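One structure is given below, encoded as structure tokens.
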There are 2 protein chains.
Amino acid sequence: MTIEIERMADILKLLGDRTRLTIMTLLHERELCVCEIVDFLKTSQPNISQHMRKLKAGGLVTEAKRGQWVYYSLNTQDKPYVGEILRHVPSQRKAIEQQTICEDNNCCI
Amino acid sequence: MTIEIERMADILKLLGDRTRLTIMTLLHERELCVCEIVDFLKTSQPNISQHMRKLKAGGLVTEAKRGQWVYYSLNTQDKPYVGEILRHVPSQRKAIEQQTICEDNNCCI
DNA sequence: TAACTATATAATGATCTGATTATATAATCA
DNA sequence: TGATTATATAATCAGATCATTATATAGTTA
């Protein structure tokens, strides 16, 4: 029981960071590769990579390698409260659609 | 919009700590005074006091002074996802009932 | 094979955080 | 009023966290 609280606190801590919460909200719309997330968040690739590693270690996302790209998607079926949280975060859909992903460096083409 | 994500991340960060998440779960059962929380969590009074200050600053709890005691209760009506989270934390009700609150120092009598 | 692209890892450093110890404030009680 | 109880605040510190810079790995393409 105590262990479960600890585990939940760890998950909430992962969500309690602006960058990671935004990433999770983006992934709530659709699967994305690292370079898309980098483009969207206007931060460095290693920064995103480190955050993805934490999210993966926490079991919140899964990865799928395709060619030279690594696609991340949500893995939160077993944590209904995470879905509930993401449903309450302002959607990033419009922002995603408006942005021509990878327009600068033409990644993921 | 971005501001709202920031705000949500701040709230989730508050919940992303074992001590505070347990406090919130206790308060989800009923209003409690500081000394009861101290007794339950087996930690120091200043430690709880600091956490309560953070929770209050984050708008997650409200306080009510009665005599020399300060009672805290949840203030999450406007944050439905917080209630959703707390509903998924293992209940502390039995633990609360089992424990004779303040049995050692007879506080809150 | 060499150059290029996408991603991961490592090292570093500034900042933040949680807990402790000591002290202050404020209400109650004898 | 003085002692006691409940709570808050301040100072300190070790450890965690986030971002950056530099470098490594691995797949792709010319």
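Because the structure is a prediction, the values reported are computed rather than measured.
Mapped onto DNA chain D by nearest heavy atom, A:R20 and A:Q68 fall at different nucleotides, with A:R20 at the one closer to the 5' end. When the nearest nucleotides of DNA chain C are assigned to A:I48 and B:T19 by heavy-atom distance, the more 5′-ward of the two goes with A:I48.
Rounded to whole Å, the distance from CG on A:L41 to C1' on D:dC18 is 14 Å. Per the geometry, CG belonging to B:L15 stands 12 Å off P belonging to C:dG18, to the nearest Å. With rounding to whole Å, B:L12 atom CG is found 17 Å from C:dT17 atom C1'. Rounded to an integer number of Å, the gap from CD1 of A:I37 to P of C:dA6 is 14 Å. Rounded to whole Å, atom C1' of C:dA6 lies 15 Å from atom CG of A:L32. The CG-C1' distance, from B:D17 to C:dC16, rounds to 13 Å in whole Å. Here the P atom of nucleotide C:dA27 and the CH2 atom of B:W69 are 13 Å apart, to the nearest Å.
In this structure, B:R20 contributes its side chain and B:L15 its backbone to no donor-acceptor pair below 3.5 Å. Without hydrogens or angle criteria, A:Q50 side chain to A:N47 main chain gives no donor-acceptor distance under 3.5 Å.
Under the 6.0 Å distance and 45° angle rule, A:R87 does not count as a cation-pi partner of B:Y81.
Contact check of residues 51-67 of chain B against DNA chain C (heavy atom, cut-off under 4.0 Å) returns B:H51, B:K54, B:G67.
Nucleotide C:dA30 is matched to D:dT1 when pairs are restricted to Watson-Crick or G-U wobble geometry with both distances under 3.5 angstrom.
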How far apart are the C-alpha atoms of A:R66 and A:E31, what are their side-chain angles, what is the distance that settles it, and do they pass the salt bridge (Lys or Arg N to Asp or Glu O under 4.0 Å) test?
CA-CA 12 Å; A:R66 286 190 220 123; A:E31 167 188 77; 2.8 Å; yes

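Residues A:K54 and A:K13 are not in side-chain contact: their nearest non-hydrogen atoms beyond the backbone lie 4.5 Å or more apart. Within the 4.5 Å cutoff, side-chain heavy atoms of A:L86 are placed close to those of A:L74. At least one side-chain heavy atom of B:E63 sits less than 4.5 Å from a side-chain heavy atom of B:K56. Counting only heavy atoms from C-beta outward, the side chains of A:E6 and B:L21 never approach each other to under 4.5 Å.
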Between the protein and nucleotides 20-24 of chain C, which nitrogen or oxygen pairs are less than 3.5 angstrom apart?
from	atom 1	to	atom 2	distance (Å)
C:dT20	O4	B:Q50	NE2	3.4

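Phosphate proximity of D:dC18 to A:R18: absent, as no side-chain N or O sits under 4.0 Å from OP1 or OP2.
None of B:V89, B:D17, B:L41 except one satisfies the side chain to side chain contact (heavy atoms under 4.5 Å, CB included) rule with B:T22; the exception is B:L41.
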